[in-house]
Peer 1: 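Let me begin by handing over the structure; questions about it come next.
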Amino acid sequence: MAEKIFSQVGEAEVTKAIVKGFLEQFYSYANSDVIIVGAGPSGLIAGRELAKQSVKVLIVERNNYLGGGFWIGGYLMNKVTLRSPAEKELQKLGVPCEEHVKGLWVADGPHACSKLIASACDAGVKFANMTMFDDIVLREENRVAGVVINWTPISALPREITCVDPIALESKLVIDCTGHDACVVKKLQDRGLIKMKGFGAMWVEMSEDLVVEYTSEVHPGLIVAGMSVSTVFGLPRMGPTFGAMLLSGEKAAHIALEKLKAMG
Amino acid sequence: MSIHLYTDYPFHNKDIAQYCTFLQEISVSIVEHFHFSELLTSPEKIASFAQSLASIRILSIDKKDLNTHLFPVEIEYEKKCLLNSSKASQSLYDGFEFQLLLRTEWPALFLKKERLNIILTERKLLTFEEDNRYHLRSIILGFPCIISITGIIEAPPKPKEYSLITRTGLTKELQNWLEQNKEKYLDYNDDRVPQVIKGYLLQSYFFWLKGAVQFCNNKRCALYNSHWQEEVLSAQYYHTLCDKHQAFIR
């Protein structure tokens, strides 16, 4: 019999391996320290920084792919731009950056995005991709205490054949990194617990500083980071620059760490 | 008569003495300078003023909606900027509301008609105009008169050729134009800014003298209502008056 390259394993074992691996992780992460909704650049950075401090982090992402808009700079062109000092974040990851004009850096989108995802995975972040955020879990005094999720494909099927109840995951904190949609904060708004101000017209120079400044806990148990900050606080939109995404994610992680410490 | 000049920024501090001397020369008055923080006499005053500032922040430049539902972080940010004068606020504020806020918070100071009060600020102040959108302003005359340094630099557009190149998307050409035409526009840390500020100090002084906004059609007079950077550099930069207005001041 001719020698084979790969080891001999049957279909059933492959299935068992997938199911076991997935369920073990899912079982464990039904309770997390922090759930981040949105695996764009701010969510990835926030998750990575928390995981580096041994915080149990799960990132929920509605798409199959991670990285959000970080693969592409803008207008389907795959170069991402960052204003100083944000390029240092990419340089730390070993992503080459070129200074286009003083203070504005350009990097290869796929290179930057894949390295960022890898760094989050290396730090210990776990992901629930193809998973749609459906609602929030509220506890005493309306503290946010987790998220309700469902499979993303459910939303694409007719209701009469997909009456599938969602399930819930608990966490001490939730971080909304869902971009301009600010999906998590919107659920609080739907219940009259918060009022978002909506993002304004593009003004890159002003918006980036403010997005970082306003990254904060907007409601007990809920932190906003990245572009959702501009929607919540009525800041100008940023356009295809990513510096504030990275620094806002980092700040959100620091805020979360402080909160977790205070919780004991 | 006396003039009070308030500033809320540190980086041009070396220039404040020359503004005071200039105002003294044109008005033959006693000119006193204060840092804006001197008005914030207690933690409660800082907190209430920070809250008021957050509430006049503009949320969208095409809507006259002010910020009614405040989050704590918005007030904290304003407080941080008030307490640390090297940290300029990046927010946009309604200019008339800002003026009104100063009068409301300190009526004894800013409603005093016997004194000219001028606020020199780094804040970005905008006013809602007839075209239903906010516009950045260099100066807002009234009680008090407010001169915005960021407004002086950013509000008047650069020459038309600059905006035409911007629309072509040719970055290198744009950089070249900026490099080669520095004399045609103002920039941050530009040595000419203090001279331009003197032109706006003159406008404030005339407003106070006449009790009304006083513009001049002469493009070399500091009272000319400049809309373009090049006009600012020919009218306010020289901070001199036309014969007619010079005669009035005498």
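Residue numbering restarts at 1 for every chain, and letters A, B, ... go by the order of the sequence lines.
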Peer 1: Can you tell me if NZ on Lys259(A) sees more than 12 non-hydrogen neighbours from other groups inside 6.0 Å?
Peer 2: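 For Lys259(A), atom NZ is not crowded (no more than 12 foreign heavy atoms under 6.0 Å).
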Peer 1: Does any heavy atom of chain B fall under 4.5 Å from the side chain of His100(A), the backbone, both, or neither of them?
Peer 2: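 Interface part for His100(A): side chain.
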Peer 1: At a heavy-atom separation under 4.5 Å, does Asp65(B) approach chain A through its side chain, its backbone, both, or neither?
Peer 2: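 Contact with chain A is absent: no heavy atom of Asp65(B) under 4.5 Å.
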Peer 1: Ignoring hydrogens and angles, tell me if any N or O in the side chain of Lys197(A) forms a donor-acceptor pair with the backbone of His69(B) under 3.5 Å.
Peer 2: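 Confirmed, Lys197(A) side chain pairs with His69(B) backbone.
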Peer 1: Nearest 0.5 Å, please: how far is CD in Glu217(A) from CZ in Phe71(B)?
Peer 2: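 That separation rounds to 12.0 Å.
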Peer 1: Tell me whether the count of non-hydrogen atoms from other residues, nucleotides or ligands lying under 6.0 Å of OH in Tyr185(B) goes above 12.
Peer 2: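 It does: Tyr185(B) OH has more than 12 such atoms within range.
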Peer 1: Quick check on Gln180(B): does its CD atom have over 12 non-hydrogen neighbours (other residues, nucleotides or ligands) under 6.0 Å away?
Peer 2: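 Correct, the count exceeds 12.
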Peer 1: So which atom in Val73(B) and which in Glu213(A) form the shortest heavy-atom distance, rounded to 0.1 Å?
Peer 2: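 In this case the closest contact between Val73(B) and Glu213(A) is CG2-O, 3.9 Å.
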Peer 1: Where does Val101(A) contact chain B at under 4.5 Å (heavy atoms): side chain, backbone, both or neither?
Peer 2: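 Interface part for Val101(A): side chain.
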Peer 1: Verify the neighbour count for atom NZ of Lys45(B): are there more than 12 heavy atoms of other residues, nucleotides or ligands below 6.0 Å?
Peer 2: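 Yes, NZ of Lys45(B) has more than 12 neighbouring heavy atoms, counting only those of other groups under 6.0 Å.
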Peer 1: First locate atom CG of Leu210(A), then atom CD of Glu74(B), and finally report the distance between them rounded to the nearest 0.5 Å.
Peer 2: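 Reported to 0.5 Å precision, the distance equals 10.5 Å.
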Peer 1: For Gln91(A), I'd like to know if atom CD has over 12 heavy atoms of other residues, nucleotides or ligands within 6.0 Å.
Peer 2: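 Yes.
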Peer 1: Is it true that, when you exclude Lys63(B) itself, more than 12 heavy atoms of the residues, nucleotides or ligands shown sit nearer than 6.0 Å to its NZ?
Peer 2: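 It does not: Lys63(B) NZ has 12 such atoms or fewer within range.
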Peer 1: Can you find a heavy atom in the side chain of Phe233(A) that is under 4.5 Å from one in the side chain of Ser91(B)?
Peer 2: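 Not in contact.
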